[in-house]
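Okay, so here's the structure we're looking at.
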Amino acid sequence: MSKASQLNDKQLEAMKYTQGPLLVLAGAGSGKTSVITRKIAYLVQQCGIPAHRITAMTFTNKAAREMKERVGKLLGKEEGKGLSVSTFHTFGLNLLRIELKNTPLKNNFSILDADDCKRILMDLMHRDNLSGAESKELIAKAMKKISDWKNDLIVPEQAHTTCETPEDVQFAHLYQLYERNLRAYNAVDFDDLIVMPTRLLQDNAEVRDRWQNRVRYLLVDEYQDTNTAQYILVKLLVGVMGQFTAVGDDDQSIYAWRGAKPENMALLKEDFRNLKVIKLEQNYRSTSRILKAANHVIENNPHIFDKKLWSDKGHGEVIRIITCRNDDDESERVVKDLLTHKLMNGKNWKDYAVLYRGNFQARVLETQLRQMQIPYKLSGGQSFFGRAEIKDVMSYLRIIINPEDDSAFLRIINTPKRAIGPVTLEKLGLFAQENHLSLLAAASDQRLTMVMPKKATTQLAEFAGFINDFTRELLDDDEPVPKIRQMMNDAGYIDYLRETAATPAQEKTKIDNVEMLYTSIQSLINRAEDVDEKNIESVIRKMVLLDMLEQQQEDEDTDKVNLLTLHASKGLEFPFVYIMGLEEELLPHKNSIAAETIEEERRLMYVGITRAQQGLTLTLAEQRKNGGQMKQMTPSRFLDELPQDELDWLGRKKKLAENVDPKQQAQQYLQNLKALLKR
DNA sequence: CACGGGACTCTTTTT
DNA sequence: GAGTCCCGTG
């Protein structure tokens, strides 16, 4: 990324072009974030567009955060007031809140995450007895299908017209039930945050005018990752004026499998006849050798827009390819190579990244790194909000701001254990349905004694009472966080964490996580700009979308080797990069070979290569463990697509003595190195 | 309801 | 081979 405040000619052109729709084809490392942030400043300072009339959209919170920070440095506090830089989802959420009366939603609606939605679908399938509990796979399929329908803006009533298999017909039916369910809970899923605003703008001219007027200029980052609903949302927001800049790179589209439509890039050209296209091809990140490799590989893909990266950073180091005996050997080599390189060149751990196709590949690597006592940071895995304890606490909070949130109710009713089992819940659910009550309301209903044993009703009533008491106390409390802490203690939840933890270490992490959640609720309250954002309801609703804790964690001790999937590496850069597992059926992955989506795998390879600034090392194993069995592997076709004269193939060295304790071996290796360095 | 054995799978993931 | 999930038994 170009840190210098000086933009090159192309970047300047992209910044200054404001006459109409603009597509910036920004190759990897071409300084696109600089262009976007500088353009925002330009629009405000040179074009006289007030900041509150400018909206910038990104895909991740992290990207939004970074952008805000960088714009903040360019604009004065007054100048930047009201600027909207957010993810698509957060933008959608705000729009829904502002336009609440024009939506089917009531105040304080809940946002359900994938897990909640899964539960609902499972429940619906059970209740409807749709070929029952072949669950897991079927549920996942149904979720995917429903999400696809939503993102293509197909309403439940239309869904059956698109069905191709009997299974689809079932899913279409399920989709209807699911939507009805969400509305009954006064809840939305993540897709709704895009789809509902889009529909609203489509159907309601008054609302559309209001928003088109508000959004005078729109900037969209990572445009190649938009899905249909997102693109239509963009079109509706910019209207016929088409005052927008979309920044993207079709070669870095690696999310088609979750609904992204890279075709949207070509579509832009059709939908806006006067679209201006500017290419950013100068790369400020990598040596020209690395870029040559990247260009070489990606040339094998068909292209809508041609683009070739170049840089003036010199040829740089040769690209190394290491063939290893098996996966264990591969990890060992990478780790030793990295360690040697680090010590010899006086680099930091954080200067290195190891990239791989699947998370499972990190496991061997981890053991290896631990033996060598190398600090590492594993990204991916489950996110903060995916952790059970966080979801539990969030569910307590959710039911407080939205008593109709049955999904939250189900999550916490028996966490910690309150002797309320599936049978009781089944009856409660039935009763609630018949009387059109939420589960929480039903739990304290007097008439329950008629349908279930007394003992169960007392338990339910007690729980409902507990929640209701805290709801009252919390909502008119100026200092909600201590109250929340008290609630979780009184609920016995903290004790429950202590009792159920497998190890003392796990207990500590879990309790720390919960404490971090409290802290971040507090900081969200402190940071809120207006009174409206300060109230606990809005804070909690926002929490579902945020990942600020992950950021806090990252900020702490950062000198660590980075371990990440190729997907997770997009947008990042490292001086020295290793890419592991360059084998057929792994990269490209076998499912992609079967589905003939090699192009996306190739882009993945391209993304990986372009992460490297100075050094790039690719590794492959001759054999790999696969389900307990050793499997013979074939070198990846992508290796053939590299410029062969820039490569240094390293065969495998003689294996160190067999049957040596790996820990001892690691120690030995370290000592040798230290001795070497002392000289 | 909790525990444990057997079956099953093993690409990528944000909001 | 290991981790997870489902279901049956105590």
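Here is the naming used below: chain letters follow the sequence lines, and residue numbers restart at 1 for every chain. Computed from heavy atoms alone, side chains included, the values below leave out hydrogens, waters and symmetry copies. Fair warning: this is a prediction, and the values are worked out from it, not measured in the lab.
- Ion pairing of A/Arg363 with A/Asp327 is absent here, as no side-chain N (NZ or NE/NH1/NH2) approaches a carboxylate O to less than 4.0 Å.
- A salt bridge between A/Arg325 and A/Glu332 is absent, with no side-chain N of the basic residue lying under 4.0 Å from a carboxylate O of the acidic one.
- The separation between A/Arg624 atom CZ and B/dC10 atom P is 17 Å, rounded to whole Å.
- Across all strands shown, A/Leu355 has no heavy atoms under 4.0 Å from either base or sugar-phosphate atoms.
- Look at CE on A/Met630: it is 12 Å from C1' on C/dG1, rounded to the nearest Å.
- We find that CG of A/Asp116 is positioned 17 Å from P of B/dT14, with the value rounded to whole Å.
- Here the side chain of A/His89 is nearest to one of B/dT13, C/dA2, B/dT15, namely B/dT15.
- With respect to the salt-bridge test (charged N to carboxylate O, under 4.0 angstrom), the residues A/Glu222 and A/Lys32 qualify.
- Under 4.0 Å is where a charged nitrogen must lie from a carboxylate oxygen, and between A/Asp152 and A/Lys261 at least one such pair does.
- Comparing the same atom, P, in C/dG3 and in B/dT12 gives a spacing of 16 Å after rounding to whole Å.
- Computed from coordinates, the A/Lys631 NZ to B/dT9 P distance equals 17 Å when rounded to whole Å.
- Here B/dT13 is the nucleotide among B/dT15, B/dC1, B/dT13 with the atom lying nearest to any side-chain atom of A/Thr565.
- Here B/dC10 presents its C1' atom at 13 Å from CE of A/Met633, a figure rounded to the nearest Å.
- Salt-bridge annotation for A/Arg398 and A/Asp116: present, with a side-chain N of the basic residue lying under 4.0 Å from a carboxylate O of the acidic one.
- In this structure, CZ of A/Phe59 is placed 11 Å from P of B/dT15, rounded to the nearest angstrom.
- For A/Asn94 and B/dT15, the CG to P distance is 15 Å, given to the nearest whole Å.
- Ring-base stacking between A/Tyr255 and B/dT14 is not satisfied when judged by a centre separation under 5.5 Å and a plane angle under 30°.
- We find that CG of A/Leu604 is positioned 12 Å from C1' of B/dT13, with the value rounded to whole Å.
- Ring centroids of A/Phe59 and A/Phe88 are separated by less than 6.0 Å, placing the two rings close together.
- Here A/Thr87 pairs with A/Thr90 under the side chain to side chain donor-acceptor pair (under 3.5 Å) rule; sequence neighbours left out.
- Among the nucleotides B/dC1, B/dT15, B/dT12, the one closest to any side-chain atom of A/Lys417 is B/dC1.
- Looking at residues 187-199 of chain A, you'll see A/Phe190 sit with a heavy atom under 4.0 Å from some atom of DNA chain B.
- Where A/Asn414 and A/Glu600 meet DNA chain B, the nucleotide closest to each residue was compared, and A/Asn414 sits on the side nearer the 5' end.
- Relative to the side chain of A/Thr87, the nucleotides B/dT12, C/dG3, B/dT15 differ in distance, and B/dT15 lies closest.
- Residue A/Asn359 places its side chain closer to B/dT12 than to any other of B/dT15, B/dT12, B/dC1.
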